[in-house]
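Below: the structure, in structure tokens.
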There are 2 protein chains.
Amino acid sequence: MKPRNRTTGARLRIVLEPEIALGPGKADLLEEIEQTGSIAAAGRAMGMSYKRAWSLIEEMNVDFGTPLVHTTKGGKSYGGAGLTPTGKKVLTLYRRMEDKAGDAIRGELKALRKLLPDIAD
Amino acid sequence: MKPRNRTTGARLRIVLEPEIALGPGKADLLEEIEQTGSIAAAGRAMGMSYKRAWSLIEEMNVDFGTPLVHTTKGGKSYGGAGLTPTGKKVLTLYRRMEDKAGDAIRGELKALRKLLPDIAD
DNA sequence: ATTCGATATGTTTAACCGTACATAACGAAT
DNA sequence: ATTCGTTATGTACGGTTAAACATATCGAAT
């Protein structure tokens, strides 16, 4: 299975309310948190400052009225973070939207690319 | 026919090359130019400075290797602008992608909305 | 030659946004 | 009590971006 190309193609930004949106950045962040188990590690993996990562998460938690990311401080594992059931649902839904949208516009995307000049880097 | 909601919903950003992208802003700009016949008028209609509008157009013209917008200076009509055949194609393709993507993700979008708290503005 | 609104372009200013830096709290384990 | 890496939060700095402002040019018509 060939991995999805994340540098080019269609990017989806879901605007739930005028001030509430979910795009590739937040989705990737959720995914990284799921994989790494920590906000800090996710941020590092994405080249994003911890503060920014935390801010985005806080924003999502507030927007959805319920946390998408749960956190723990201190302790044996020195604290960490993970996705709540809602967080997992949101991530899954977003990825599915990406897939479906990508499939739906494949033809037009190809046609659009044909209009581009030959690349000679 | 109910007009499309442009404040919420899915927004599509097509990344052709790492530095070449087409999103809602440029698409709307192309459409406004088609309708108004002028860069300046299009900018005014969108609350966008002439300079920014012109810059975006120039960017597109360069990116696609051929102009999407043609312009004339001076003369009886004091100059103006319009879409080239390529420009029309690009706009049409983008709108079609929006439509198809929107249709494709309708279900997930609804599910995602259900996760949002009731809005009490 | 003047006038019109539009294109074309440069320069300066202001605002925003994210990073960098700094600090405190956390709590299980030792 | 100390230590660990992390969460949590505030403040200052820097870079990017768009807006604001300023000209210059265009060319048909008068």
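What you see is a predicted model, and the numbers here were worked out from it, not measured in a lab. By convention in this document, chain letters (A, B, ...) are assigned in the order of the sequence lines, proteins followed by strands, and residues within each chain are numbered from 1.
- When the side chain to side chain contact (heavy atoms under 4.5 Å, CB included) test is applied to Lys73(A), no partner is found at least two apart in sequence or on another chain.
- For Tyr50(B), the side chain to side chain contact (heavy atoms under 4.5 Å, CB included) partners at least two apart in sequence or on another chain are Ile39(B), Ala40(B), Trp54(B).
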So which protein N/O to nucleotides 12-15 of chain D N/O distances come out below 3.5 Å?
none

I'd like a table of donor-acceptor pairs (distance under 3.5 Å, sequence neighbours excluded) in which one partner is a side-chain atom from residues 22-31 of chain B, with atom names and distances.
| residue | atom | partner | partner atom | Å |
| --- | --- | --- | --- | --- |
| Lys26(B) | NZ | Ala21(B) | O | 3.0 |
| Lys26(B) | NZ | Glu59(B) | OE2 | 2.9 |
| Asp28(B) | OD1 | Arg95(B) | NH2 | 2.7 |
| Glu31(B) | OE1 | Arg95(B) | NE | 2.8 |
| Glu31(B) | OE1 | Arg95(B) | NH2 | 2.8 |

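- Side-chain contact check for Leu112(B) versus Met97(A): some heavy-atom pair is nearer than 4.5 Å.
- Tyr78(B) and Ile33(B) fall into different hydrophobic clusters, where Ile, Leu, Val, Met, Phe, Trp and Tyr residues are linked whenever their side-chain heavy atoms come under 4.5 Å apart, directly or through other members.
- Side-chain nitrogen and oxygen atoms of Trp54(A) include none within less than 4.0 Å of the OP1 or OP2 phosphate oxygen of dT7(D).
- The hydrophobic cluster containing Val15(A) does not contain Val90(A), counting ILVMFWY residues as joined when their side-chain heavy atoms lie under 4.5 angstrom apart, directly or transitively.
- Using a 4.0 Å cut-off on heavy atoms, the residues of residues 22-42 of chain B that approach DNA chain C are Ser38(B), Ile39(B), Ala40(B), listed by number.
- Partners of Ala10(A) by side chain to side chain contact (heavy atoms under 4.5 Å, CB included), not counting sequence neighbours, listed by chain and number: Ile105(A), Leu12(B), Ile14(B).
- Applying the side chain to side chain contact (heavy atoms under 4.5 Å, CB included) criterion to Lys51(B), with sequence neighbours excluded, gives Ser49(B), Ser55(B).
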Which pairs, protein N/O on one side and nucleotides 19-23 of chain D N/O on the other, fall under 3.5 Å?
| residue | atom | partner | partner atom | Å |
| --- | --- | --- | --- | --- |
| dA19(D) | OP2 | Ser49(B) | OG | 3.2 |

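- The stretch residues 58-66 of chain A does not touch DNA chain D, since none of its heavy atoms comes less than 4.0 Å from the strand.
- Follow the hydrophobic side-chain contacts under 4.5 Å out from Leu93(A) and you reach Leu109(B) in the same cluster.
- At a threshold of 4.5 Å between non-hydrogen side-chain atoms, the residues Arg13(B) and Arg13(A) do not count as touching.
- Thr72(B) comes within 4.0 angstrom of sugar-phosphate atoms only, judged by non-hydrogen atoms across all strands, and of no base.
- A salt bridge between Asp103(A) and Arg106(A) is present, with a side-chain N of the basic residue lying under 4.0 Å from a carboxylate O of the acidic one.
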Every protein N/O lying under 3.5 Å from an N/O of nucleotides 28-30 of chain D:
| residue | atom | partner | partner atom | Å |
| --- | --- | --- | --- | --- |
| dA28(D) | O4' | Lys76(B) | N | 3.3 |

Please output the side-chain donor-acceptor pairs of residues 60-69 of chain B that fall under 3.5 Å, not counting sequence neighbours, one pair per line with the distance.
| residue | atom | partner | partner atom | Å |
| --- | --- | --- | --- | --- |
| Asn61(B) | OD1 | Leu68(B) | N | 2.6 |
| Asn61(B) | OD1 | Val69(B) | N | 3.3 |

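- Once rounded to the nearest 0.5 Å, the distance linking CZ of Arg113(B) with CG of Leu116(B) reads 7.5 Å.
- Here Arg44(B) reaches the OP1 or OP2 of dA6(C): one of its side-chain N or O atoms lies under 4.0 Å away.
- Legend: residues meeting side-chain hydrogen bond (donor to acceptor under 3.5 Å, both in side chains) with Lys89(A), ordered by chain and number and at least two apart, are absent.
- Between Leu56(A) atom CG and dA8(D) atom P there is a gap of 14 Å when expressed in whole angstrom units.
- Residues Glu32(B) and Ala42(B) share a closest heavy-atom pair of CB-CB, 3.6 Å.
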